[in-house]
Amino acid sequence: MQKKILENEQRLRLTLEAGEFGSWHWDLLSDKIVRDTYQNALFGMNTEEYTTTYQDFLSNIYPEDRDKVQATITKAIKNTSNYTIQYRITHPDLSVHWLHEKGKVFKNSNGTPERVIGVTNSITKQKLAEEKLKESEEKLRNYTIALETKVTERTKELTSVVQKLVAANLSLEDQILITEEAENIALNSKQVLANITKNFPKGFVVVVDIDLKIIFIDGEEIEALGFTSLAHTNATIYDGIGITEVTRDILIKEIKKTFKGEHCSFEINIQDRSYLVNTTPLLNNENQIEQILLVNNNITQQKQIELDILKTLTKERELSELKSRFISMASHEFRTPLSAILSSAILIEKQNEPGKEDKRIKYVSKIRSNVKNLVVILNDFLSLGKLQEGKVIAHPEAFNLIAFTETLIEEFEDLKKVGQTINLQCKLTSIKVFLDVKLLKHIIYNLVSNAIKYSEEHQDININITIKNQLVCIEIKDKGIGIPTEDQNNMFQRFYRANNVSNIQGTGLGLNIVKQYIELMDGTIHFKSEINKGSAFYIDFPLNQKQNE
């Protein structure tokens with residue numbers, strides 16, 4: 001009987017400490033509240049078992065929470081019911097802490113409430129995490145393991161008690177009294193243990209033997225996980241519903257380390273829930289490890305918070321990089337055409353005599369060309385901003401693609417270099433499509449402008465339009481400088497420019513915007529290119545005929 005009492009007390013204390021719980025007992029008749037060591041620590045007191053009164057307890061509660069706590073406890077005593085409450089307390093050093101408390105009211109044979117037993121744990125960290133989530137960029141995981149010292153101390157204390165009991169030469173009558181008292185303590189301990197384990201918040205506790213068979217399992221979440229019957233079916237620790245092979249391997253590895261005397265802490269996933277698991281060995285009277293305790297705390301919310309913070313940090317880092325690249329690129333790309341416009345304007349001013357009309361026309365043409373380049377740059381910035389905000393939506397309409405392209409080619413007259421020609425090749429005189437006219441104009445304009453810019457004088461640029469497998473296929477091909485092989489996988493990224501165009505004006509946004517516009521109309525784009533031989537871009541759109549629907 002004595003051994004069973006000691007084992008029950010040991011298991012109770014280990015469970016309390018592993019879960020960071022304090023326990024207390026309130027005798028309603030004498031108004032005495034007896035706290036254990038950890039309960040005192042929660043109230044900022046560094047002492048062993050401590051006795052206080054209900055009024056002393058209330059005086060430690062934060063003033064704004066005092067009435068709520070008193071009303072909740074009074075109602076529970078009146079109805080002889082359980083209660084759960086959260087409140088703040090003030091430590092002797094005037095610091096404020098949050099506690100989560102569960103209490104159960106017991107009545108005597110006459111039906112009169114005579115005592116309240118409860119458990120308390122600190123939720124200050126959770127409360128601080130909730131308050132600082134929006135403004136904090138720090139990671140919220142800060143779990144501490146303080147079981148080893150406590151287990152050792154408790155083991156020494158219990159060993160000392162056993163030695164004193166064996167060494168004492170007590171009379172038979174004293175032994176009987178001690179045994180009866182121990183039995184009462186064991187019953188109370190068992191009752192407290194049952195309350196703690198069954199209501200273990202946001203998780204569950206497990207005790208397993210050397211064969212990994214479950215000896216004991218309980219807690220708030222075991223019913224939701226479907227683990228209720230595991231302790232009664234000779235099941236092992238990895239037989240629960242939703243235990244994957246990865247989780248099973250982690251459990252086996254860490255449990256084996258614990259049976260060697262280590263205290264382990266690790267994370268596992270069960271049924272889309274994340275748990276932080278703390279393990280500790282359970283020793284018998286011969287200091288041999290027969291069982292181990294696993295305390296499983298649900299940290300799903302904390303993990304989600306960490307993930308949200310990481311996503312926020314990543315977005316901020318990307319935004320910072322984009323801003324830096326934008327400022328660097330914009331300062332260069334705006335300076336070049338503006339300088340050309342300024343110098344051309346100065347030269348026009350000096351060429352005002354008769355007979356110099358051709359030179360003036362040349363400089364005016366140069367101004368117009370550079371102004372168009374600035375407009376293209378500004379349009380790229382505006383388009384990128386709208387795409388990022390999700391404001392660009394395709395508005396398709398029916399039109400003749402051939403006539404549309406012929407008209408668009410005429411707009412390139414001021415951009416073409418000397419001797420360059422743009423050829424439209426198509427066996428059909430009319431192809432009806434159902435696409436967004438503005439988006440398609442931007443796509444073709446950007447690709448043909450690139451062909452003009454990266455091709456030499458007297459080079460042809462070909463636009464070939466065909467229909468194949470219910471797709472409208474547009475090919476834009478030039479004989480320009482081409483794209484290096486090492487750059488080809490990155491050409492559709494924002495602000496990316498190939499290594500061989502550093503001296504040619506450009507923003508690095510065009511192809512990125514083109515690809516997004518094409519995808520808005522359910523199309524695809526790819527290209528082939530070879531250095532100094534040219535590039536060919538291929539665009540495919542579904543041949544939709546929805547205008548009559």
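Not measured: the values here are computed from a predicted model.
Ring geometry for Y538 versus H526: interplanar angle under 30°, hence parallel rather than tilted (30 to 60°).
Residues N446 and G510 come closest through the heavy atom pair ND2-CA, 3.3 Å. When all heavy atoms are compared, the tightest approach of M521 to P542 is O-CD, 4.0 Å.
Remark: N298 engages E221, T300 in a side chain to side chain donor-acceptor pair (under 3.5 Å) (not counting sequence neighbours). In this structure, the ring-ring contact (aromatic ring centres under 6.0 Å, His included) partners of H97, at least two apart in sequence or on a different chain, are H91. Qualifying side chain to side chain donor-acceptor pair (under 3.5 Å) partners for T244, counting only residues two or more places apart in sequence or in other chains: T247. Residues passing the ring-ring contact (aromatic ring centres under 6.0 Å, His included) test with F399 are F404, sequence neighbours excluded. Take K127 and apply the salt bridge (charged side-chain N to carboxylate O under 4.0 Å, His left out) test, not counting sequence neighbours, and it matches no residue. With sequence neighbours left out, the side chain to side chain donor-acceptor pair (under 3.5 Å) criterion links T466 to no other residue. Y275 meets the ring-ring contact (aromatic ring centres under 6.0 Å, His included) test with F204; sequence neighbours excluded. Every residue two or more places apart in sequence or in another chain that forms a side chain to side chain donor-acceptor pair (under 3.5 Å) with D65 is listed here: R88. Scored by the side chain to side chain contact (heavy atoms under 4.5 Å, CB included) test, E457 finds K417, V418 as partners (sequence neighbours excluded). The side chain to side chain contact (heavy atoms under 4.5 Å, CB included) search around D460 returns T421, N423, N462, not counting sequence neighbours.
Around atom CD of E486, more than 12 heavy atoms belonging to other residues, nucleotides or ligands sit under 6.0 Å away. Surrounding NZ of K416 are more than 12 heavy atoms belonging to other residues, nucleotides or ligands, all under 6.0 Å away. The number of heavy-atom neighbours closer than 6.0 Å to CG of D272, taken from other residues, nucleotides and ligands shown, is 12 or below. For N499, the CG atom is densely surrounded, since the number of other residues' heavy atoms within 6.0 Å is greater than 12.
A donor atom on one side chain and an acceptor atom on the other are not found under 3.5 Å apart for N512 and Y496.
A donor-acceptor pair under 3.5 Å is formed between the side chain of T124 and the backbone N or O of W98.
For residues 529-539, the pairs satisfying salt bridge (Lys or Arg N to Asp or Glu O under 4.0 Å) are E530-K533, with sequence neighbours left out. Applying the salt bridge (Lys or Arg N to Asp or Glu O under 4.0 Å) test to every pair with at least one member in residues 238-254, sequence neighbours left out, gives these pairs: E254-K257.
One finds the NZ atom of K515 at 10.5 Å from the CD atom of Q493 (value rounded to the nearest 0.5 Å). A distance of 11.0 Å separates CD1 in I270 from CD1 in I241, rounded to the nearest 0.5 Å. I309 contributes atom CD1, which lies 7.5 Å from atom CD of E306 (distance to the nearest 0.5 angstrom). L415 CG to K453 NZ: the interatomic distance, rounded to the nearest 0.5 Å, is 10.0 Å.
When the options L408, N464, I465 are evaluated for a side chain to side chain contact (heavy atoms under 4.5 Å, CB included) with L424, the one that passes is I465. Paired with L294 under the rule side chain to side chain contact (heavy atoms under 4.5 Å, CB included), one option of I255, N278, T258, T280 passes, and it is I255.
A heavy-atom distance below 4.5 Å is not found between the side chains of T405 and I474. Contact check for I467 versus C473: no side-chain heavy atoms found under the 4.5 Å cut-off. Counting heavy atoms from C-beta on, the side chains of I443 and F541 come closer than 4.5 Å. With contacts defined as side-chain heavy-atom distances shorter than 4.5 Å, the pair F537/S529 does not qualify. Contact check for K477 versus Q425: no side-chain heavy atoms found under the 4.5 Å cut-off. Counting only heavy atoms from C-beta outward, the side chains of L251 and F266 approach each other to under 4.5 Å. I402 places none of its side-chain heavy atoms less than 4.5 Å from the side chain of S430. Looking at heavy atoms from C-beta onward, K256 lies in side-chain contact with I252 at the 4.5 angstrom threshold.
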| query | Please walk me through it: do V514 and F492 pass side-chain contact (heavy atoms from CB on, under 4.5 Å)? | reply | CA-CA 8 Å; V514 163; F492 292 109; 5.6 Å; no
